[in-house]
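Structure first, commentary second.
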Amino acid sequence: MFGLKKKDSCKLGVLATLALAGLAGSAFASADTLVLTPPLGWNSWNVFHENINEKQIQEIADAMVSSGLKDAGYVFLNLDDNWMDTKRDANGDLTHNPKTFPSGMKAIADYVHKKGLKFGLYGDRGKRTCHHYNSNWQSQSGSNGHEEQDAKKLAEWGVDYWKYDNCDSDPRTQEKDYTAMSKALRNSGRDIVFSICMWEYKDWMPKIANLWRTTFDIGPEWISTSWYRGVYEIIDANNKYWQIAKPGHWNDPDMLEVGNRGLSYEEQRSQMTMWSIMAAPIMISSDVRNMSNETKELYLNKDMIAINQDSLGVQGHRISDKQGKQVWTKPLKNGDLAVALLNNNNSTQTVECNFKDIGVEGEVEVRDAWKKKDLGPVSSVSIELPAHGSALLRLVLKPVPREMFKGKPLDIPGKIEMEDFDINGVGQGNTTYNESDTENHGDSDYRKDTGVDLYKKATGVVVGYNQAGEWLEYTVKVAKTGTYFMYAAVASGGTTGSFKLSVDGKDITEEIAVPAATTGENNFDEYNEVEAKAELTEGEHILRFTVTGDWMDIDYINFCDKEKCEDKTDKVSARLALSKSENSYNVFSATGKHLGRIDLNGMGTAQALKHAGYARGMYMVRSVKGNQIYRVNIAK
């Protein structure tokens with residue numbers, strides 16, 4: 001909002017909950033499971049702004065049922081700003097505006113629940129809500145310092161969803177204030193979805209909320225000419241965070257402008273297309289009592305809703321953008337692939353997609369969501385789209401089993417070369433890697449058709465250009481159940497790189513930081529060794545390497561069944577051209593303090609540090625002759 005008077009900030013973007021609308025005494029769900037698919041519903045702001053009242057909201061509830069919206073999944077009815085009085089009651093509780101909601105919030109919640117819907121309200125972490133702040137009213141409508149009290153009142157009323165804004169507040173206490181409300185809601189005695197409306201994404205939000213606004217407020221234009229953000233500007237910004245979304249935790253690009261004035265029909269349909277492919281919460285904010293048939297068809301399109309609500313919970317993202325002609329993809333739970341084509345030009349354009357470019361070989365059945373027709377078995381599409389128009393497709397893929405690259409499982413204990421990930425199949429459980437884009441940025445011809453970024457180095461091929469959210473999978477065979485020691489050869493030109501390992505979907509390591517190179521700018525040729533312990537079970541499994549922090553390279557992972565690998569695990573030292581004569585190293589803290597000296601005696605540097613009694617952390621290691629210096633991280 002930032003004090004703007006024309007429109008209160010964050011007005012919409014309400015979150016939804018899967019919690020039952022029953023009594024507070026019901027069994028409670030984990031906060032992480034309240035919205036396992038993006039919430040669908042209605043919010044009052046874009047259509048009514050601050051001008052809401054009891055009769056109007058009851059009629060909206062009636063219309064959501066009679067129009068088929070409820071049966072289609074739009075179950076949240078959320079009141080935005082100005083339902084509350086400017087003053088708290090004698091007990092210091094939030095209370096309803098007696099003129100516009102004379103029956104009170106409990107009565108409205110009961111009415112909504114009896115319709116089979118869920119009820120949401122709006123609040124603010126500051127002293128006043130955005131509308132009260134922008135109107136310069138003397139008001140006590142904010143929840144700052146009242147978090148526990150207000151959360152209990154919401155539970156008492158039967159609230160299922162709480163949208164929490166950011167006006168009239170201290171910018172230095174954002175995380176503190178939102179965390180306080182998150183804890184209060186979880187201690188309220190009722191399942192309440194928590195929707196943060198702070199106008200931008202912060203990395204602490206997924207830890208405490210079910211959804212969070214990624215951008216400033218939306219407005220009824222494709223590209224904004226005012227203080228708000230246009231629909232396309234929000235699409236573009238929201239794409240940056242696609243790796244963050246997952247079941248129970250969603251990026252919120254704000255409410256719909258569909259059904260209101262300002263956007264062309266094609267732009268409205270494109271907002272539905274992109275909110276669907278981005279697994280975004282879909283909050284209608286038009287007068288559903290008076291919908292046109294055209295608008296109603298957009299809201300109720302079954303194919304569009306199914307793509308948005310797919311239980312895999314992956315946010316689709318942009319694969320290519322050629323002069324404004326864009327291709328977006330979203331993998332689906334059953335193995336199908338959703339594809340959105342978007343024309344971000346001011347004139348009609350033909351947007352093409354060769355399925356091979358998005359990892360799909362041969363001809364497949366294609367369903368056009370908006371045309372409600374099957375396009376037949378094809379290997380590509382070429383669709384003429386009007387200015388700012390879109391197409392939403394579902395590629396129906398027949399299952400094809402994954403294959404092991406070496407023809408057999410990789411042995412543990414043993415060394416796993418990271419470029420030897422399984423061969424991609426088709427369908428649920430058969431995808432073996434996830435790449436942010438289909439372009440191979442590497443310089444190696446090894447497996448160049450995969451799109452995985454493989455580079456030639458002195459000792460072979462490495463996986464590089466790794467970004468958060470990317471992953472590779474390997475079929476492995478564990479010889480026996482027990483504790484294994486994992487050593488990985490990694491490189492990074494900065495301090496942001498990190499990864500973790502999982503087996504059959506269960507994490508076997510914590511997040512492991514990748515040390516930055518000690519010499520040169522953006523140096524990815526200096527390899528270091530990181531290590532961790534892992535508990536593994538005998539038999540055949542799927543090992544997944546997941547990048548959790550941007551920009552790192554990895555050569556191999558070596559699993560040993562004892563702390564010192566018999567085949568000498570410190571291949572990293574070889575990469576650094578350490579000679580046998582350079583067996584002794586001085587050890588320094590990350591701040592440069594000299595801590596002592598170690599001798600390798602055939603061990604890896606991390607092993608030698610641990611053997612000498614050094615605790616978990618980052619160390620600088622320099623050969624006694626002074627020819628080599630690098631960092632070593634002891635992860636566990």
Side-chain angles (χ1 to χ4, degrees), residues 46 215 218-225 228-239 242 253-280 282-286 291-308 315-330 336-355 357-358 366-376 378 380-395:
N46 280 359
T215 71
I218 198 169
E221 293 182 277
W222 189 250
I223 300 294
S224 176
T225 59
Y228 49 74
R229 302 295 181 266
V231 171
Y232 179 73
E233 293 163 303
I234 284 183
I235 292 169
D236 189 55
N238 194 62
N239 181 55
W242 70 270
D254 210 352
M255 302 166 274
L256 295 182
E257 287 286 3
V258 176
N260 298 327
R261 295 179 181 179
L263 297 179
S264 69
Y265 172 74
E266 291 296 337
E267 290 168 344
Q268 292 182 59
R269 191 167 78 170
S270 289
Q271 188 181 15
M272 299 301 302
T273 294
M274 300 312 296
W275 264 235
S276 175
I277 202 87
M278 293 192 299
I282 298 180
M283 291 292 161
I284 296 167
S285 191
S286 67
M291 282 186 289
S292 68
N293 289 333
E294 199 175 57
T295 297
K296 185 176 178 181
E297 287 180 2
L298 291 179
Y299 292 154
L300 296 180
N301 185 283
K302 292 181 179 179
D303 291 326
M304 178 278 297
I305 293 172
I307 290 170
N308 174 267
Q315 178 175 321
H317 67 287
R318 184 167 46 217
I319 295 296
S320 65
D321 184 355
K322 299 177 181 178
Q323 297 179 321
K325 295 179 284 187
Q326 302 182 6
V327 177
W328 297 59
T329 64
K330 169 181 167 63
D336 290 352
L337 185 69
V339 177
L341 307 182
L342 180 66
N343 175 20
N344 188 37
N345 289 282
N346 295 326
S347 60
T348 298
Q349 300 286 331
T350 298
V351 182
E352 300 176 343
C353 177
N354 187 321
F355 296 162
D357 292 339
I358 56 175
V366 178
R367 172 75 175 175
D368 189 313
W370 295 120
K371 292 183 178 179
K372 301 179 181 179
K373 61 182 286 189
D374 296 325
L375 305 183
V378 294
S380 65
V381 291
S382 179
I383 301 178
E384 186 175 85
L385 296 175
H388 308 159
S390 65
L392 183 60
L393 310 174
R394 185 184 188 113
L395 277 56

Minimum heavy-atom distance [X]-[Y], with the two atoms named:
| X | Y | answer |
| --- | --- | --- |
| L298 | Q268 | CD1-CB, 4.2 Å |
| M278 | P253 | CE-CG, 4.3 Å |
| Q315 | A279 | CA-CB, 4.0 Å |
| S390 | R269 | O-NH2, 3.6 Å |
| L385 | G389 | CD1-O, 3.9 Å |
| A391 | I383 | CB-CD1, 4.0 Å |

First locate atom [atom1] of [X], then atom [atom2] of [Y], and finally report the distance between them rounded to the nearest 0.5 Å.
| X | Y | atom1 | atom2 | value |
| --- | --- | --- | --- | --- |
| W328 | L393 | CH2 | CG | 15.0 Å |
| C353 | I358 | SG | CD1 | 4.0 Å |
| Q271 | L256 | CD | CG | 4.5 Å |
| W222 | E266 | CH2 | CD | 10.0 Å |
| I307 | R367 | CD1 | CZ | 10.5 Å |
| R229 | D254 | CZ | CG | 11.0 Å |

Student check: side-chain heavy atoms of [X] and [Y] closer than 4.5 Å:
| X | Y | value |
| --- | --- | --- |
| E221 | Y228 | yes |
| I282 | Y299 | no |
| W275 | V231 | yes |
| D236 | R318 | yes |
| M304 | T273 | no |
| I218 | N46 | yes |
| H317 | I319 | yes |
| K325 | N345 | yes |

If the condition is ring-ring contact (aromatic ring centres under 6.0 Å, His included), which residues does F355 pass it with, not counting sequence neighbours? none
So, using ring-ring contact (aromatic ring centres under 6.0 Å, His included) as the criterion, who are the partners of W370 when residues are at least two apart? none
Test of understanding: with side chain to side chain contact (heavy atoms under 4.5 Å, CB included), list the residues that count as partners of E352, not counting sequence neighbours. T350, S382
Tell me whether D368 contacts the main-chain N or O of L375 through its side chain, where contact means a donor paired with an acceptor under 3.5 Å. no
Between N344 and Q326, is there a donor-acceptor pair closer than 3.5 Å when you use the side chain of the first and the backbone of the second? no
Output, in order, the C-alpha distance, side-chain angles, deciding distance and verdict of side-chain contact (heavy atoms from CB on, under 4.5 Å) for S320 and D357. CA-CA 10 Å; S320 65; D357 292 339; over 6 Å; no
Verdict with reasoning, I284 to V258, per side-chain contact (heavy atoms from CB on, under 4.5 Å): CA-CA 7 Å; I284 296 167; V258 176; over 6 Å; no
Should the pair D303-R394 be classified as a salt bridge under the 4.0 Å nitrogen-to-oxygen rule? no
Any chance you could lay out the side-chain contact (heavy atoms from CB on, under 4.5 Å) test for L341 and V327, step after step, and finish with the verdict? CA-CA 5 Å; L341 307 182; V327 177; 3.9 Å; yes
Check the pair E233, S224 against side-chain contact (heavy atoms from CB on, under 4.5 Å), reporting the backbone distance first and the verdict last. CA-CA 8 Å; E233 293 163 303; S224 176; 3.3 Å; yes
